[in-house]
Asker: 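Submitted below is the structure of interest, expressed as structure tokens.
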Amino acid sequence: MKNLLVTGGAGFIGSAFVRHMVSAYPQYRIVVFDKLTYAGNMDNLLPIKEADNYVFVQGDIASRDDVRGALQAYDIDTIINFAAESHVDRSILDPDAFMRTNSHGVFVLLDEGRQHGIGRFLQVSTDEVYGDVEEGFSKEDDRFLPNSPYSASKAGGELMVRAFHITHGMDTVITRGSNTFGPYQYPEKLLPFFTTEAMDDRPLPVYGDGMQVRDWLYVDDHAKAVDFVLHHGQSGEAYNVGGENLLHNIDITRRILALLGKPETLIKHVPDREGHDRRYAMDCSKLKALGWKRKWEFEQALAHTVQWYKKNDWWWRKIKTGEYLEYYKRQYAARLAAAD
Ligand code: NAD
Ligand code: TYD
């Protein structure tokens, strides 16, 4: 392993992985390959922009020319794929890009990677492929029952990874992460959205009763788990990466408000997301048996994250303009008008 292509490396989790890898492995060359969609942001890579072992290439994983060009130009031997359309609500409004990137794009990366003769291919996936888990904990061999266009498109990508491993003997590994939070997360996802809205005393639109359950994982732990699976995962295997910290949406919302010293009157219960999964929960014993351990305690990670958004409004205020406001209107205007 020498020349690593990190696709989607300008996004939230991908950039945390890149910032970690660039300093942890000076012997590797880290090539970030990113289309810079609305969610891609070069500010996320500012801390490592001068590093000698880092290069940025703008490109689309669904374009064979873009992918082949990067594989050849940088003699790539390893691919770590974070690139995705990642927001469930947008997959309900505009699903096309989800199929193109999350399913077809993964196929293009695999096929071009195989022709180029790469070694390991790591696919970053999600607990959402298991669908709604009313009780118990998903294990890696459980069947896929995705319910949103987002999770279905991610499941499609994963199945193609499996097929390339079985059919072509490609060296593949998959991580299935749970809901991730931390600095540099695009402020459409629950945590940065609610934190930054509350800072401005704006309403927090909680879908339905707010009793949905998510498993919250700190971004540095997620990034390091991907590094761990990259180096220690067994070929052809998938690994659950959870925070093992299940919380109702309404509880995490209240905690954010408490940390900011803002009133709970900002909470507005709005009409639910269509097809909304009630609960995600994973059994992470397979990854732990391999030797992986989480570092961050949830309370400490949450406080640190809320503090980061307080200190870094330069980062998110410029995002919350233009296209973001258009999206906000489409997603929330009618919902908030119907709030109780
Ligand atoms: P993000 O939306 O913050 O970043 C996605 C990045 O991919 C952006 O930089 C974007 O520009 C890039 N991208 C999108 N389409 C592309 C294309 N066609 N070609 C090249 N680049 C493209 O997403 P994130 O939250 O950092 O998620 C990263 C990965 O982790 C995704 O695969 C996602 O499915 C997975 N995941 C996310 C979470 C979470 O809670 N955020 C949890 C589990 C798994
Ligand atoms: P989100 O951050 O979009 O992640 P995901 O849908 O991938 O789990 O949402 C986390 C939870 O918060 C999910 O149950 C939906 C809920 N939610 C709201 O109640 N209101 C909101 O405005 C958003 C963005 C999410």
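Note that ligands are numbered from 1 as they come in the structure, with each ligand's atoms numbered from 1 the same way.
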Asker: Out of all atoms in ligand 1, which are within 4.0 Å of some heavy atom of Gly59? Include the element for each.
Answerer: 19 (N), 20 (C)
Asker: Touching ligand 1 at all, Tyr150? Heavy atoms, strictly under 4.0 Å?
Answerer: yes
Asker: Looking only at distances, can you tell me whether any N or O atom of Thr126, backbone or side chain, sits closer than 3.5 Å to an N or O atom of ligand 1?
Answerer: no
Asker: Give a table of atom pairs where an N or O of ligand 2 lies under 3.5 Å from a protein N or O.
Answerer:
unit_1: ligand 2; atom_1: 2 (O); unit_2: Leu190; atom_2: N; d: 2.9
unit_1: ligand 2; atom_1: 3 (O); unit_2: Arg273; atom_2: NH2; d: 3.1
unit_1: ligand 2; atom_1: 4 (O); unit_2: Asn179; atom_2: ND2; d: 3.3
unit_1: ligand 2; atom_1: 6 (O); unit_2: Arg273; atom_2: NH1; d: 2.5
unit_1: ligand 2; atom_1: 6 (O); unit_2: Arg273; atom_2: NH2; d: 3.2
unit_1: ligand 2; atom_1: 7 (O); unit_2: Glu128; atom_2: OE2; d: 2.5
unit_1: ligand 2; atom_1: 8 (O); unit_2: Asn179; atom_2: ND2; d: 2.9
unit_1: ligand 2; atom_1: 8 (O); unit_2: Arg214; atom_2: NE; d: 2.8
unit_1: ligand 2; atom_1: 12 (O); unit_2: Asn249; atom_2: ND2; d: 3.3
unit_1: ligand 2; atom_1: 14 (O); unit_2: Arg214; atom_2: NH2; d: 3.1
unit_1: ligand 2; atom_1: 14 (O); unit_2: Asn249; atom_2: ND2; d: 2.8
unit_1: ligand 2; atom_1: 14 (O); unit_2: His276; atom_2: NE2; d: 2.7
unit_1: ligand 2; atom_1: 19 (O); unit_2: Tyr207; atom_2: N; d: 2.8
unit_1: ligand 2; atom_1: 20 (N); unit_2: Pro205; atom_2: O; d: 2.8
unit_1: ligand 2; atom_1: 22 (O); unit_2: Pro205; atom_2: O; d: 3.3
unit_1: ligand 2; atom_1: 22 (O); unit_2: Tyr332; atom_2: OH; d: 2.7

Asker: For Tyr25 and His231, I'd like to know if the aromatic rings sit close, meaning centre-to-centre distance below 6.0 Å.
Answerer: yes
Asker: Does Thr180 reach ligand 1 with a nitrogen or oxygen that is under 3.5 Å from one of the ligand's nitrogen or oxygen atoms?
Answerer: yes
Asker: Can any side-chain N or O of Ser151 pair as donor or acceptor with the backbone N or O of Pro149 at less than 3.5 Å?
Answerer: no
Asker: Return yes if some donor-acceptor pair links the side-chain N/O of Asn240 with the main-chain N/O of Met282 below 3.5 Å, else return no.
Answerer: no
Asker: Measure from atom 14 (C) of ligand 1 to every heavy atom in Ala84, Gly14, Ala83 and give the option owning the shortest one.
Answerer: Ala84
Asker: Which residue holds the protein heavy atom closest to atom 42 (C) of ligand 1, what is that atom called, and what is the gap in Å?
Answerer: Ser178 O, 3.2 Å
Asker: Should you measure from each heavy atom of Asp60, which atoms of ligand 1 turn up under 4.0 Å away?
Answerer: 17 (C), 18 (N), 19 (N)
Asker: Hydrogens and angles aside, do Ser15 and Arg19 bring a side-chain donor and acceptor to less than 3.5 Å of each other?
Answerer: yes
Asker: Sequence neighbours left out, cut at 3.5 Å: what donor-acceptor pairs do the side chains of residues 325-337 make with other protein atoms?
Answerer:
unit_1: Tyr327; atom_1: OH; unit_2: His87; atom_2: NE2; d: 3.3
unit_1: Tyr328; atom_1: OH; unit_2: Arg202; atom_2: NH2; d: 3.4
unit_1: Arg330; atom_1: NH1; unit_2: Asp94; atom_2: OD2; d: 3.0
unit_1: Gln331; atom_1: NE2; unit_2: Asp89; atom_2: OD1; d: 3.4
unit_1: Gln331; atom_1: NE2; unit_2: Tyr207; atom_2: OH; d: 2.9
unit_1: Tyr332; atom_1: OH; unit_2: Tyr207; atom_2: OH; d: 3.2
unit_1: Arg335; atom_1: NE; unit_2: Pro271; atom_2: O; d: 2.8
unit_1: Arg335; atom_1: NH1; unit_2: Gln331; atom_2: O; d: 3.2
unit_1: Arg335; atom_1: NH2; unit_2: Asp272; atom_2: O; d: 3.0

Asker: For ligand 1, is any non-hydrogen atom under 4.0 Å from Asn102's backbone (N, CA, C, O), its side chain (CB onward), both, or neither?
Answerer: neither
Asker: Report, in ascending order of atom number, the atoms of ligand 1 lying under 4.0 Å from any heavy atom of Asn179.
Answerer: 40 (O)
Asker: Within the 3.5 Å criterion, strictly below it, is a donor on Glu128 or Tyr280 matched to an acceptor on the partner's side chain?
Answerer: yes
Asker: Could you walk me through whether Lys2 and Asp75 pass the salt bridge (Lys or Arg N to Asp or Glu O under 4.0 Å) check?
Answerer: CA-CA 9 Å; Lys2 199 162 170 285; Asp75 195 16; over 6 Å; no
Asker: Answer yes or no: are there more than 12 heavy-atom neighbours, outside Arg162 itself, under 6.0 Å from its atom CZ?
Answerer: no
Asker: Run the ring-centre check on Tyr130 versus Phe137 and record whether the distance is less than 6.0 Å.
Answerer: no
Asker: Please indicate whether Asp52 has more than 12 foreign heavy atoms, meaning atoms of other residues, nucleotides or ligands, lying under 6.0 Å from its CG.
Answerer: no
Asker: Would you mind telling me if ligand 1 is within reach of the side chain of Ala97, the backbone, both or neither, using heavy atoms under 4.0 Å?
Answerer: neither
Asker: Could you list which atoms of ligand 1 come closer than 4.0 Å to a heavy atom of Gly40?
Answerer: 8 (C), 9 (O), 10 (C), 11 (O)
Asker: What residues, two or more places apart in sequence or in another chain, satisfy side chain to side chain donor-acceptor pair (under 3.5 Å) together with Gln27?
Answerer: none
Asker: What atoms of ligand 1 come closer than 4.0 angstrom to any heavy atom of Leu36?
Answerer: 11 (O)
Asker: Is the shortest N/O to N/O distance between Ala62 and ligand 1 below 3.5 Å?
Answerer: no
Asker: With heavy atoms of Phe82 as the reference, note each atom of ligand 1 found under 4.0 Å away.
Answerer: 28 (C), 29 (C), 31 (C), 32 (O)
Asker: Of Arg176, Lys154, Glu158, which is the lone residue that meets side chain to side chain donor-acceptor pair (under 3.5 Å) with Ser125?
Answerer: Glu158
Asker: State whether Asp132 and Arg278 are salt-bridged, where the test is any N-O pair (Lys NZ or Arg NE/NH1/NH2 against Asp/Glu carboxylate O) under 4.0 Å.
Answerer: no
Asker: Is the closest heavy atom of Ala10 to ligand 1 under 4.0 Å?
Answerer: yes
Asker: Of all the non-hydrogen atoms in the protein, which one sits nearest to atom 4 (O) of ligand 1, and at what distance?
Answerer: Gly11 CA, 3.4 Å
Asker: If you count heavy atoms of other groups shown closer than 6.0 angstrom to CD of Gln115, is the number above 12?
Answerer: yes
Asker: Consider every N or O of Lys35 and every N or O of ligand 1, then say whether any pair is closer than 3.5 Å.
Answerer: yes
Asker: List the steps and the verdict of salt bridge (Lys or Arg N to Asp or Glu O under 4.0 Å) for Asp66 and Lys35.
Answerer: CA-CA 10 Å; Asp66 288 1; Lys35 187 177 178 182; over 6 Å; no
Asker: How far is atom 19 (N) of ligand 1 from the closest protein heavy atom, and which atom is that?
Answerer: Ile61 N, 2.9 Å
Asker: Please report which non-hydrogen protein atom sits nearest to atom 3 (O) of ligand 1, along with the residue it belongs to and the distance in Å to one decimal place.
Answerer: Phe12 N, 3.0 Å
Asker: Does His222 use its side chain to pair, donor to acceptor, with the backbone of Thr180 at less than 3.5 Å?
Answerer: no
Asker: So is Asn81 polar-close to ligand 1, meaning N/O to N/O under 3.5 Å?
Answerer: no
Asker: Return a table of donor-acceptor pairs under 3.5 angstrom between the side chains of residues 186-193 and protein atoms on other chains or two or more places apart.
Answerer:
unit_1: Glu188; atom_1: OE1; unit_2: Tyr38; atom_2: OH; d: 3.2
unit_1: Glu188; atom_1: OE1; unit_2: Arg90; atom_2: NE; d: 2.7
unit_1: Glu188; atom_1: OE1; unit_2: Arg90; atom_2: NH2; d: 3.2
unit_1: Glu188; atom_1: OE2; unit_2: Tyr38; atom_2: OH; d: 2.9
unit_1: Lys189; atom_1: NZ; unit_2: Ser86; atom_2: OG; d: 2.9

Asker: Considering the heavy atoms of Lys154, write down every atom of ligand 1 situated less than 4.0 Å from one of them.
Answerer: 31 (C), 32 (O), 33 (C), 34 (O)
Asker: With a cutoff of 4.0 Å, is Ser125 in contact with ligand 1, counting heavy atoms of the residue only?
Answerer: yes
Asker: Between Glu85 and ligand 1, is there a nitrogen or oxygen pair with a distance under 3.5 Å?
Answerer: no
Asker: Any luck finding a side-chain donor-acceptor pair between Asp65 and Ser63 under 3.5 Å?
Answerer: no
Asker: Does Thr7 come within less than 4.0 Å of ligand 1, judged by its heavy atoms?
Answerer: no
Asker: Quick test of your reading of the structure: of Gly177, Ser86, Gly8, whose heavy atom lies closest to atom 7 (O) of ligand 1?
Answerer: Gly8
Asker: To the nearest 0.1 Å, how far is atom 9 (O) of ligand 1 from its closest protein heavy atom, and which atom is that?
Answerer: Asp34 OD2, 2.6 Å
Asker: Just jot down the ligand 1 atoms closer than 4.0 angstrom to any heavy atom of Val124, in number order.
Answerer: 29 (C), 30 (O), 32 (O), 35 (C)
Asker: Tyr184 vs Trp308 aromatic rings, parallel, tilted or perpendicular, using cut-offs 30° and 60°?
Answerer: tilted
